[in-house]
Amino acid sequence: MAKISNFSDIEKVRLEKIEALRGRGINPFPAKAQRTHTSAEALAAFEAQESKGDKAKAVVATLVGRLRSMRVMGKIIFAHIEDGWGSIQLFLRADDVGQVQLELFRDYYDLGDFVQATGEMFRTRTGEPSLKVADFTMLAKAVTPLPAAKDEEVEGEIVRHAALTDPETRYRQRYADLAVNPEVREVFRIRAAINRALRSFLDNQGFLEVETPVLHQIYGGAAARPFITHHNQLKQDLFLRISFELYLKRLLVGNLERVYEIGRDFRNEGVDRTHNPEFTMLEFYMAYANYEQVMQLTEEMLAFTAKEVLGGTKFTYQRNEIELGVSWPRIELKDGVAEFADINLDDHPDAASLAKAMRAKGLDVNPTASRGKLIDDLLGALVEPRFIQPTFIYNYPREISPLAKSLPHDPVIVERFEGHIAGMEICNAFSELNDPLDQEARFQELGRGSASDDENAHPMDEDYLRAMRYGMPPNGGFGMGIDRLTMLFTDRATIREVILFPHLRQRED
RNA sequence: GGGCGCGUAGCUCAAUGGUAGAGCAGUGGCCUUUUAAGCCAUUGGUUGAGGGUUCGACUCCCCCCGCGCUCACCA
């Protein structure tokens with residue numbers, strides 16, 4: 001990539017045009033624009049006028065937008081401009097704007113420029129509603145050409161020619177990607193709609209949206225390594241949060257019965273198709289609910305969200321038809337393992353025995369993993385990928401769920417479920433542990449850890465225990481990755497497609 | 001971190017050891033109802049970086065960088 005001072009030949013030509021415009025007393029970057037109609041409004045107004053048959057009252061409009069195509073035919077020019085609501089054709093004729101202005105447009109306006117045009121709406125000979133331009137002006141000149149994308153309509157199908165497709169360029173220069181690929185803009189409209197729908201659903205259920213710290217002195221609430229940062233004046237290392245859980249549950253102690261937060265989590269882990277170092281989570285906590293009620297609420301919330309965002313509860317993800325509108329199958333973890341991994345967990349009460357059984361299935365087994373971790377690995381390898389339709393897996397090992405409440409009749413199993421769709425973990429929830437003494441013991445259990453390295457041992461959050469000692473109502477908690485939900489609703493195969501500026505390796509250019 | 005693949009003009013892609021090309025975009029010209037407008041002409045390249053083999057390298061080898069897929073890692 002050239003340095004910013006090294007311009008391509010095309011850019012040099014454009015810079016010359018900028019100077020030429022200035023030489024004619026035209027500011028290529030004026031401060032003010034005007035518009036009377038968006039493209040969509042102009043088209044609607046024109047069709048309304050046509051249907052009334054009122055030829056006398058022409059629709060006069062001033063439109064703004066970005067030049068996306070230009071066809072110069074001697075004394076007339078056809079061009080399309082695109083704004084935030086669509087695109088519309090401009091028709092410039094020497095008879096209307098004058099020869100000098102026509103040549104100005106032809107010689108100094110380029111694809112990618114932002115322009116303003118005023119005129120009357122009319123229909124061209126081929127029937128396309130267009131603006132018969134009487135006057136136009138430059139709003140912002142583009143120096144670098146957009147990665148050209150041309151569309152052709154063939155029998156109603158849009159065929160794109162030479163669209164920007166290189167994933168690296170698309171992610172590193174998302175602005176260019178968005179500018180030329182409308183379907184990318186649509187992904188992020190859907191993402192916003194998902195957030196809106198989730199907020200609407202939770203607000204209607206009496207939840208309070210809150211904001212808790214991103215900078216943590218003690219990280220916790222999830223199984224992940226943190227990013228570390230530093231406060232200069234306080235001379236103190238801080239962690240970017242890996243979850244909101246411990247702060248949100250403190251709020252239940254404060255008599256806020258139902259709280260949620262939508263925000264960013266940061267996990268210092270590998271990057272792949274479903275993991276970005278920073279990602280967006282929804283967590284909610286609901287006093288007096290247990291995990292069964294949260295399961296119910298999850299079904300309702302996602303069905304509601306799908307209806308709001310997609311207009312229905314069915315959608316296609318990577319060629320699979322997904323149905324969110326029915327109650328999800330609920331499979332107890334040990335039954336799922338028995339069915340899909342053909343391992344009876346009751347026959348393997350310790351890590352060594354389970355590891356042996358897993359090796360017999362041809363799985364790579366981490367020799368230092370605890371039994372709980374092995375079960376988690378087993379789920380990931382053989383069980384979870386089987387659930388294409390929304391499915392709850394419930395009742396997890398206590399060892400890997402230090403914040404969840406045990407089953408009344410079985411202390412080593414906790415009231416926890418995960419929701420899986422299309423083989424992806426979408427959400428994770430449990431009946432929250434609210435016994436401060438039990439919680440302290442669980443923290444200490446973790447501190448001992450499975451391996452010798454301290455890296456896996458989480459620090460004890462004393463203040464969280466103090467809060468719990470004041471009394472925490474029984475409650476159900478829930479966490480869901482917004483990015484993955486957006487992948488599902490937009491049928492994108494990788495998380496990078498649903499994050500505007502996904503993390504990429506640093507590159508010198 | 002391992003394996004496999006990719007990196008050529010602004011964009012999308014050709015060229016498999018023998019003069020780096022096409023379409024679009026750009027530039028010059030013709031054209032008053034086009035829509036991937038058309039027609040004529042034309043500019044544009046350190047083939048990701050570096051090294052090696054060879055008379056000759058986009059092509060083969062080594063190393064580095066980046067991206068993709070995948071496996072591993074990830075209380």
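Just so you know, these numbers use all the heavy atoms, side chains as well, and skip hydrogens, waters and symmetry mates. We name chains A, B, ... by the order of the sequence lines, and we start the count at 1 in each one.
- For Q89(A) and U34(B), a side-chain-to-base donor-acceptor distance below 3.5 Å is present, hydrogens and geometry of angles not being considered.
- Among the heavy atoms of the strands, none lies under 4.0 Å from S69(A).
- Regarding Q173(A), its CD atom lies at a distance of 14 Å from the C1' atom of G66(B), rounded to whole Å.
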Polar atoms only, N or O, under 3.5 Å: list the protein pairs with nucleotides 27-32 of chain B and their distances.
{"from": "U27(B)", "atom 1": "OP1", "to": "K17(A)", "atom 2": "NZ", "distance (Å)": "2.4"}
{"from": "C31(B)", "atom 1": "N3", "to": "V72(A)", "atom 2": "O", "distance (Å)": "3.4"}
{"from": "C31(B)", "atom 1": "N3", "to": "G74(A)", "atom 2": "N", "distance (Å)": "3.1"}
{"from": "C31(B)", "atom 1": "N4", "to": "G74(A)", "atom 2": "N", "distance (Å)": "3.3"}
{"from": "U32(B)", "atom 1": "OP2", "to": "K75(A)", "atom 2": "N", "distance (Å)": "3.2"}
{"from": "U32(B)", "atom 1": "N3", "to": "D95(A)", "atom 2": "OD2", "distance (Å)": "3.1"}
{"from": "U32(B)", "atom 1": "O4", "to": "D95(A)", "atom 2": "OD1", "distance (Å)": "2.5"}
{"from": "U32(B)", "atom 1": "O4", "to": "D95(A)", "atom 2": "OD2", "distance (Å)": "3.3"}

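- Rounding to whole angstrom units, NE2 of residue H275(A) and C1' of U70(B) are separated by 15 Å.
- When both distances must be under 3.5 Å, the Watson-Crick or G-U wobble mate of C60(B) is G52(B).
- Ring geometry for F91(A) versus F122(A): interplanar angle of 30 to 60°, hence tilted.
- Counting non-hydrogen atoms under 4.0 angstrom, R496(A) reaches the backbone sugars and phosphates but no base.
- Nearest to the side chain of Y171(A), among U33(B), G66(B), G68(B), sits G68(B).
- Residue T494(A) is in sugar-phosphate contact alone, with no base atom involved, counting any heavy-atom pair closer than 4.0 Å across all strands shown.
- Using atom C1' as the reference point in both G51(B) and G18(B), the two lie 23 Å apart (nearest Å).
- Nucleotide G26(B) has U42(B) as its partner under the Watson-Crick or G-U criteria, with both atom distances under 3.5 Å.
- The residue L504(A) sits close only to the backbone: its heavy atoms come under 4.0 Å of sugar-phosphate atoms, none of a base.
- When ring centroids are compared, Y285(A) and F244(A) stay outside the 6.0 Å threshold.
- Not a single donor-acceptor pair under 3.5 Å links the side chain of R174(A) to the backbone N or O of F501(A).
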Report task. Given ring-ring contact (aromatic ring centres under 6.0 Å, His included), test F340(A) with F387(A) step by step and report yes or no. Result -> CA-CA 10 Å; F340(A) 297 108; F387(A) 300 128; 5.4 Å; yes

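- To the nearest whole angstrom, the two C1' atoms, one in A25(B) and one in C13(B), are 15 Å apart.
- For the pairing with L131(A), the side-chain contact (heavy atoms from CB on, under 4.5 Å) check across L92(A), V60(A), I81(A), L63(A) returns one residue only, L63(A).
- Distance, R225(A) CZ to C73(B) C1': 8 Å, rounded to whole Å.
- Judged by distance alone, the side chains of N428(A) and R416(A) do bring a donor and an acceptor atom under 3.5 Å apart.
- Annotation: side chain of L104(A) is in contact with side chain of F136(A) (closest heavy-atom distance under 4.5 Å).
- Only one option out of R484(A), R267(A), R264(A) pairs with F279(A) in a side-chain contact (heavy atoms from CB on, under 4.5 Å); it is R267(A).
- We find that CD of E128(A) is positioned 15 Å from P of U33(B), with the value rounded to whole Å.
- The separation of G3(B) from A72(B), taken at their P atoms, amounts to 15 Å, rounded to a whole angstrom.
- For R250(A) and Y247(A), the positive end sits near the middle of the six-membered ring, less than 6.0 Å away and at most 45° from its axis.
- Across all strands shown, A36(B) has no partner, as no Watson-Crick or G-U wobble contact with both distances under 3.5 Å is found.
- Put simply, T165(A) has a side-chain N or O that comes within less than 4.0 Å of OP1 or OP2 on U12(B).
- Base pairing of A14(B) is not made with any nucleotide, judged by Watson-Crick or G-U wobble geometry with both donor-acceptor distances under 3.5 Å.
- The C1' atoms of U42(B) and A22(B) are separated by 15 Å, rounded to the nearest whole Å.
- Put simply, CZ on R68(A) is 15 Å from P on C11(B), counting in whole angstrom units.
- K405(A) and Y291(A) form no side-chain donor-acceptor contact under 3.5 Å, judged by distance and modelled atom types alone.
- To the nearest whole angstrom, the two C1' atoms, one in U43(B) and one in G21(B), are 15 Å apart.
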Please produce a list of atom pairs where a protein N or O lies less than 3.5 Å from an N or O of nucleotides 39-48 of chain B.
none

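- Considering only the side chain of L111(A), G26(B) comes nearest among G26(B), G68(B), U34(B).
- The pairing partner recorded for C6(B) is G66(B), the criterion being a Watson-Crick or G-U wobble arrangement whose two distances lie under 3.5 angstrom.
- One finds a salt bridge joining R185(A) and E82(A) here, because a Lys/Arg side-chain nitrogen approaches an Asp/Glu carboxylate oxygen to under 4.0 Å.
- Summarising the geometry, the separation between CG on L363(A) and P on C71(B) is reported as 13 Å, rounded to the nearest angstrom.
- No hydrogens or angles were tested; on distance alone, nothing pairs the side chain of R125(A) with the base of U33(B) as donor and acceptor under 3.5 Å.
- Every side-chain contact (heavy atoms from CB on, under 4.5 Å) that F392(A) has, sequence neighbours left out, goes to M295(A), T298(A), E299(A), W328(A), R330(A), F417(A).
- The partner of G1(B), taking Watson-Crick or G-U wobble pairs whose two distances both stay under 3.5 Å, is C71(B).
- Ion pair D110(A)/R14(A) flagged as a salt bridge, since at least one NZ, NE, NH1 or NH2 atom sits closer than 4.0 Å to an Asp/Glu carboxylate oxygen.
- Atom CZ of R273(A) and atom C1' of C69(B) are 10 Å apart (whole Å).
- Nearest-nucleotide positions on RNA chain B for E168(A) and N268(A) put E168(A) closer to the 5' end.
- The separation of G44(B) from C60(B), taken at their P atoms, amounts to 28 Å, rounded to a whole angstrom.
- Nearest nucleotide to the P167(A) side chain, out of G66(B), G26(B), G68(B): G68(B).
- C67(B) and U8(B) have their C1' atoms separated by 16 Å, with the value rounded to a whole Å.
- Each of R71(A) and D166(A) has a nearest nucleotide on RNA chain B; the 5'-most of these lies closest to D166(A).
- Counting to the nearest Å, the C1' atom of G68(B) and the CZ atom of R172(A) are 13 Å from each other.
- No engagement by T169(A) is indicated, since no non-hydrogen atom pair under 4.0 Å with the nucleic acid exists.
- Atom P of C24(B) sits at a distance of 32 Å from the matching atom of C69(B), rounded to the whole Å.
- Contact annotation for E269(A): base contact, defined as any heavy-atom pair under 4.0 Å involving a base atom.
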